[in-house]
Amino acid sequence: MDLVVESISGLHRTHCCGELGTIDTGKEVTLMGWVHRRRDHGGLIFIDLRDRSGLVQVVCDPEAGTAFKKAEEVRNEYVVAVRGNVRLRPEGTANPRLATGDIEVEARELRILNPAKTPPFYIEDDIAVDEALRLRYRYLDLRRPEMQDIMHLRYRTTRAIRDFLDGRGFWEIETPMLTRSTPEGARDFLVPSRLRPGEFFALPQSPQLFKQILMVAGIERYFQIVRCFRDEDLRADRQPEFTQLDMEMSFIQREDILNLVEELMAYVFRETLGVEIDLPLPRLTYKEAITRYGTDKPDLRFGLEIFDVSDVVGGCGFKVFADAVAKGGVVRGLCVPGGAGFSRRELDELTQQAVTSGAKGLAWMALAAGEIRSPIAKFFTGEGLQELVARAGGREGELLLFVADNETVAASVLGSLRLELGRRLHLYDPEQLAFTWVTDFPLLEYSPEEKRYVAVHHPFTMPMEEDWPLLDIEPLKVRALAYDLVLNGVELGGGSIRIHRRDIQEKMFSLLGFSPEEAQEKFGFLLEAFEYGTPPHGGIAFGLDRMIMLMARRDTIRDCIAFPKTQSGTCLMTAAPSTVAPEQLLELHLKTTARPAGKQYSTGKA
RNA sequence: GGAGCCGUAGUGUAGCGGUUUAACAUGUCGGCCUGUCACGCCGAAGAUCGCGGGUUCAAAUCCCGUCGGCUCCGCCA
C-alpha cells in the first residue's frame, strides 16, 4: 500500500498526549504529535504518540479498519493525528513508568500528516551521541524531552525575571544591535556600513553605555534581556553570542542593588525550581576570596580553605619556603581530609596539576598514624614540624599540600587544586546551590602587554570613596564599588556603582592613560551626556545562559541555547559563517585578503 | 596562538602491524506475531575504518600533515 499523506483539515486537537489521565476515561480526543515508537504485534499495533507534553499509548485494532492499515505504514517520527477514545488499560497492563500509563487511546481514525526519515539518533533522554551530530540535527536534538525541559526552564526563568522586575518598577527597553566599536574589553564583531563606505558598526559587547545614558535620560530603572556579542575564543560556558540580564538603577547605592538582586534570585529560583534560597547571601571581599579560596569566584559548596604558614616558615631550614618568604612571597597550602592515604601516583598527579597552573613545585606532608611522611620533613626540627602542622590545622589521616610563591601564583595554584580535590573527594553535594557575593574588587590592574593600568571591571566604575586619596599615590590599592555574584564557583554576573562625577571620570581616564582628547574621541557621546544632569546610578548584568546551565545542572551553556555554535565558532546546522557573493562584498566596499579553503561542516558523512 | 583527548555500518562501541571476508549491540528493511511498552522470534541489507601523504612484504592499526568535534591555557573591560 502506497503511503497516503493526509490533510489536517477537519480535525482539531483537543488534548495533549501527556495531560491525559484516568479522569479522561470515555472521552473522545484528537491528538497530534510524533510517533515515538511503534510496537506491531501483527494483529494489534501500539503507537507511543509524543508531543511537547509527553507520551500516550495509542492502540490500533484491526477492527478499526483503515486506522489499523495506516498504523502498519507508520514509522518513528511520522507526524500523525489520532482521533479515538480514552479508556482504562486492561487489568494488569498498566505501565507505572509512564505518566499516562493507566490509560490508552483506542484509535478510531489515524491520519498520517507527514512521513519522516529515520532520525540519526534516538529522540529520547540520555543519549550517548557525538555532540556534532546533535548540533547538525539540532531540530531533532531539541525534540528530546530533556532539551525541551531546558528550553521551557529558560522561558519560565525569563518570565519570572520580567514579573519580578516589573513589580519593582523596572522598564524593559531595547538598545541598538548596530552600534559603535569602543575600546577596552573584548574583540568586537564588526558590521560594514554600505551607506558609509569604509565605516563599521560593532555588535554590542553589552548595552553598558546605553543603559548609563538611559539613566541620564531619566528612566531610573531599566532592564533588558539582551543578546551580547564578544569575538573571543569559546569555552564550555562561553559563546560568541550570549544573553545577559542587564539592569541599571538611579539614585541607589551598592546595598540597594545587592538587596534587590538577592530578592530577584530568591524569587526566580522559587518560581522556576521551587527552591528556597536563604537570604541574605554570604559576602566575601575580593581579598578574602583570593586568600581563602584562591579565586575571585569561589565554590562555597565545600570548605577546604587555604591556610597561610608564611610567618612560621620564615627562617626554617627548607630553603624553598624560607626564600619565598624572604622575597615577599607566601607559603600557603591545603589540608586534605583522608589525603594521607594518597598513592604516589595521586601525589604526582596533583604535583603535575600544580606545575601546570604555574607552581614551581608542590610540597606535601602525609600525616600518617604516629608519623609524618614527607620529602621535606628532614628540613624541619621536630618542634618546627609540630608548629607547622598545628598552624595548618592538620590532623592524623590528612595530607598537607604547600605552595611557596608570590601571592598571585600561590592563590591560583591552590585555587585550582582545591577545586580538583573537591571533585575527587566528593567534598560537596552536586545538588547544592551556594551563592556568594564577591565585593571590593580592585579598580585597576597593571597590564604588562599594554604597559598601562587597565580597568578590572570597566572604565566607568566608581572607586570606593575612602580610597580616593590613593588614586594618585597607589592606584593598584584602590578598591572599586564593584561586585560579582557567584554560584557554585561560576561567575553569574557582575556590576558596579558608576562614576557620575566628571572630575572622577577624568581622573579615571587619565589613570588608564587616555588623554582628554582620546577620551573625547572614544567616549565623547557619553561624557557629553554626563554633562546634562547625571543621577548617581549603578547596575549589574547576569549571564542568563550560565544561570540556566546551573539551574538545569548541565556542564555547558550549549545545552541551554537553542542554536549554539561549536568551539570554532561555527553553526553546524546552517554552516555559518560562509562565503558570500562577490557582489555583496562590492556593495559593502570590502575586499577579503583570505579565502576560506576547503571548508567542510558536515560530520564527514553524507 | 598553545596543550590534551576523540574520529571504524544510521547510532554507540570492539578490533590497535598478519587466522578479518573488519566484530558486537542497537537502528533500518522483509517475514511471523492480539496486550506490548527498550515487545518478541526468524532472515537480510548496511563500512572507500574522517581526509591526504609516508614507513612496511603487509596499515583501521605505526609516523607526519590536514579537516572536524570536545576540554583546558592564553584571550574574555
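Below, read A as the first sequence line, B as the second, and so on, with proteins coming before strands; counting in each chain starts at 1. Computation of the quantities below employed the complete heavy-atom set of this structure, encompassing side-chain atoms and omitting hydrogens, waters and symmetry-equivalent molecules.
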A.B. asks: Under 4.0 Å between a Lys/Arg side-chain N and an Asp/Glu carboxylate O for A:Glu109 and A:Lys70?
C.D. replies: no
A.B. asks: Between B:C72 and B:A38, how far is it from one C1' atom to the other, in whole Å?
C.D. replies: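 Here B:C72 and B:A38 have their C1' atoms 37 Å from each other.
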A.B. asks: Between A:Asp559 and A:Arg134, does any NZ, NE, NH1 or NH2 come within less than 4.0 Å of an OD or OE carboxylate oxygen?
C.D. replies: yes
A.B. asks: Taking the P atom of each, how far is B:C51 from B:A59, in whole Å?
C.D. replies: 15 Å
A.B. asks: In whole angstrom, what separates A:Arg423's CZ from B:U71's P?
C.D. replies: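 About 14 Å, once rounded to whole Å.
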A.B. asks: Once you round it to whole Å, what is the distance between P of B:G68 and CG of A:Leu572?
C.D. replies: 10 Å
A.B. asks: Rounding to an integer number of angstrom, what distance separates B:C39 and B:G27 when you compare their P atoms?
C.D. replies: 8 Å
A.B. asks: Does a side-chain N or O from A:Arg75 land closer than 4.0 Å to OP1 or OP2 of B:C29, or not?
C.D. replies: yes
A.B. asks: Hey, does the side chain of A:Thr556 come within less than 4.0 Å of B:C70's phosphate (OP1/OP2), counting only N and O?
C.D. replies: no
A.B. asks: When you compare B:C63 with B:C42, how far apart are their C1' atoms, in angstrom units rounded to a whole number?
C.D. replies: 48 Å
A.B. asks: Are any of the side-chain nitrogens in A:Arg37 or A:Asp48 under 4.0 Å away from the carboxylate oxygens of its partner?
C.D. replies: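 Here A:Arg37 does not pair with A:Asp48 in a salt bridge, since their nearest N and O are not under 4.0 Å apart.
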A.B. asks: Between B:A44 and B:G65, how many Å separate the two C1' atoms, rounded to a whole number?
C.D. replies: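 Rounded to whole Å, the distance is 41 Å.
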A.B. asks: Quote, to the nearest angstrom, the C1' distance that separates B:U8 from B:A23.
C.D. replies: 11 Å
A.B. asks: Are A:Asp545 and A:Gln239 close enough that a side-chain donor and a side-chain acceptor fall under 3.5 Å?
C.D. replies: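 Looking only at side-chain atoms, A:Gln239 and A:Asp545 do not form any donor-acceptor pair under 3.5 Å.
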A.B. asks: Where the side chain of A:Arg558 is concerned, which of B:U71, B:C75, B:G35 is the nearest nucleotide?
C.D. replies: B:U71
A.B. asks: Residues of residues 200-213 of chain A with any non-hydrogen atom less than 4.0 angstrom from an atom of RNA chain B: list those, numerically ordered, please.
C.D. replies: A:Ser206, A:Gln208
A.B. asks: Check the phosphate of B:U71 against A:Gln567, side-chain N and O only, distance under 4.0 Å to OP1 or OP2. Yes or no?
C.D. replies: yes
A.B. asks: At 4.0 Å (heavy atoms only), tell me whether A:Val129 reaches a base, stays on the sugar-phosphate, or touches nothing.
C.D. replies: sugar-phosphate
A.B. asks: Does a donor on one side chain and an acceptor on the other come within less than 3.5 Å for A:Glu349 and A:Gln353?
C.D. replies: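 Note: A:Glu349 and A:Gln353 side chains miss the donor-acceptor criterion.
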A.B. asks: Any ion pair linking A:Asp246 and A:Lys211 (charged N to carboxylate O, less than 4.0 Å)?
C.D. replies: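 Result for this pair is yes, salt bridge flagged.
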A.B. asks: Under 4.0 Å, heavy atoms only, any strand: does A:Arg50 hit a base, just the sugar-phosphate, or nothing?
C.D. replies: nothing
A.B. asks: What I want to check is whether the side chains of A:Arg498 and A:Ser496 have a donor and an acceptor closer together than 3.5 Å.
C.D. replies: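 Their side chains do contain a donor-acceptor pair, which is all the 3.5 Å distance test asks for.
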A.B. asks: Ignoring hydrogens and angles, state whether a donor on the side chain of A:Asp102 or A:Thr22 is under 3.5 Å from an acceptor on the partner side chain.
C.D. replies: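 Result is no, nothing qualifies.
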A.B. asks: With both distances under 3.5 Å as the test, what is the Watson-Crick or G-U wobble partner of B:C29?
C.D. replies: B:G43
A.B. asks: When the C1' atoms of B:C49 and B:G35 are considered, how many whole Å apart are they?
C.D. replies: 44 Å
A.B. asks: Does A:Ser357 place a side-chain N or O at less than 4.0 Å from the phosphate oxygens OP1/OP2 of B:C72?
C.D. replies: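 False: A:Ser357 side-chain N/O out of range (4.0 Å or more) of B:C72 OP1/OP2.
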A.B. asks: Does A:His458 or A:Ala128 map to a spot on RNA chain B nearer the 5' end, using the closest nucleotide for each?
C.D. replies: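 By nearest-heavy-atom nucleotide position, the 5'-most residue is A:Ala128.
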A.B. asks: Please state whether the rings of A:Phe460 and A:His458 are parallel, tilted or perpendicular, taking 30° and 60° as the class boundaries.
C.D. replies: tilted
A.B. asks: May I ask you to evaluate whether A:Thr566 reaches the phosphate of B:G69, defined as a side-chain N or O under 4.0 Å from OP1 or OP2?
C.D. replies: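 It does, given that an N or O in the side chain of A:Thr566 lies less than 4.0 Å from OP1 or OP2 of B:G69.
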A.B. asks: Paired with B:U20: which nucleotide, if any, by Watson-Crick or G-U wobble criteria at under 3.5 Å for both distances?
C.D. replies: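 WC or wobble partner does not exist here.
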A.B. asks: My understanding is that a pair needs two contacts under 3.5 Å, Watson-Crick or G-U wobble. By that rule, which nucleotide pairs with B:C5?
C.D. replies: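 WC or wobble partner is B:G69.
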A.B. asks: If B:G52 has a Watson-Crick or G-U wobble mate with both distances under 3.5 Å, name it; if not, just say none.
C.D. replies: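 By the stated definition (distances under 3.5 Å), B:C64 pairs with B:G52.
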A.B. asks: What contact category does A:Glu104 fall into here, base, sugar-phosphate, or nothing, at under 4.0 angstrom with non-hydrogen atoms?
C.D. replies: base
A.B. asks: What integer distance in Å separates A:Phe121:CZ from B:U13:P?
C.D. replies: 15 Å
A.B. asks: Could you list, one pair per line, each protein nitrogen or oxygen that sits under 3.5 Å from a nitrogen or oxygen of nucleotides 38-41 of chain B, together with the distance?
C.D. replies:
from  : atom 1 : to      : atom 2 : distance (Å)
B:A38 : OP1    : A:Arg97 : NH2    : 2.9
B:A38 : OP2    : A:Arg97 : NH2    : 3.0
B:C39 : OP2    : A:Arg39 : NH1    : 3.2
B:C39 : N4     : A:Asp40 : O      : 2.4

A.B. asks: When you measure from the side chain of A:Pro90, which nucleotide among B:U11, B:G35, B:C37 comes out closest?
C.D. replies: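 Output: B:G35.
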A.B. asks: Test for a donor-acceptor pair under 3.5 Å between the base of B:G74 and the side chain of A:Arg235, counting only N and O atoms.
C.D. replies: yes
A.B. asks: Does this structure show an ion pair linking A:Arg87 with A:Glu104, if we count only N-O contacts that are shorter than 4.0 Å?
C.D. replies: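 A salt bridge is present here (some side-chain N lies under 4.0 Å from a carboxylate O).
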A.B. asks: Ignoring the backbone of A:Arg238, work out which of B:U28, B:C73, B:C76 is nearest its side chain.
C.D. replies: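 Per side-chain heavy atoms of A:Arg238, the pick is B:C76.
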A.B. asks: Does some side-chain heavy atom of A:Leu55 sit less than 4.5 Å from a side-chain heavy atom of A:Cys17?
C.D. replies: no
A.B. asks: Whole-Å distance between B:G12 C1' and A:Asp126 CG?
C.D. replies: 14 Å
A.B. asks: Would you confirm whether the ring centroid of A:Phe509 sits within less than 6.0 angstrom of the ring centroid of A:Phe523?
C.D. replies: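 Yes: the rings meet the under 6.0 Å criterion.
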A.B. asks: Need one value for A:Ala482: base, sugar-phosphate or nothing, where a base atom within 4.0 Å counts as base even if backbone is also close, heavy atoms only.
C.D. replies: nothing
A.B. asks: Considering only the P atoms, how many Å lie between B:C6 and B:C16, rounded to the nearest integer?
C.D. replies: 16 Å
A.B. asks: Looking only at N and O atoms, is any donor in the side chain of A:Arg89 or the base of B:C37 less than 3.5 Å from an acceptor on the other one?
C.D. replies: yes
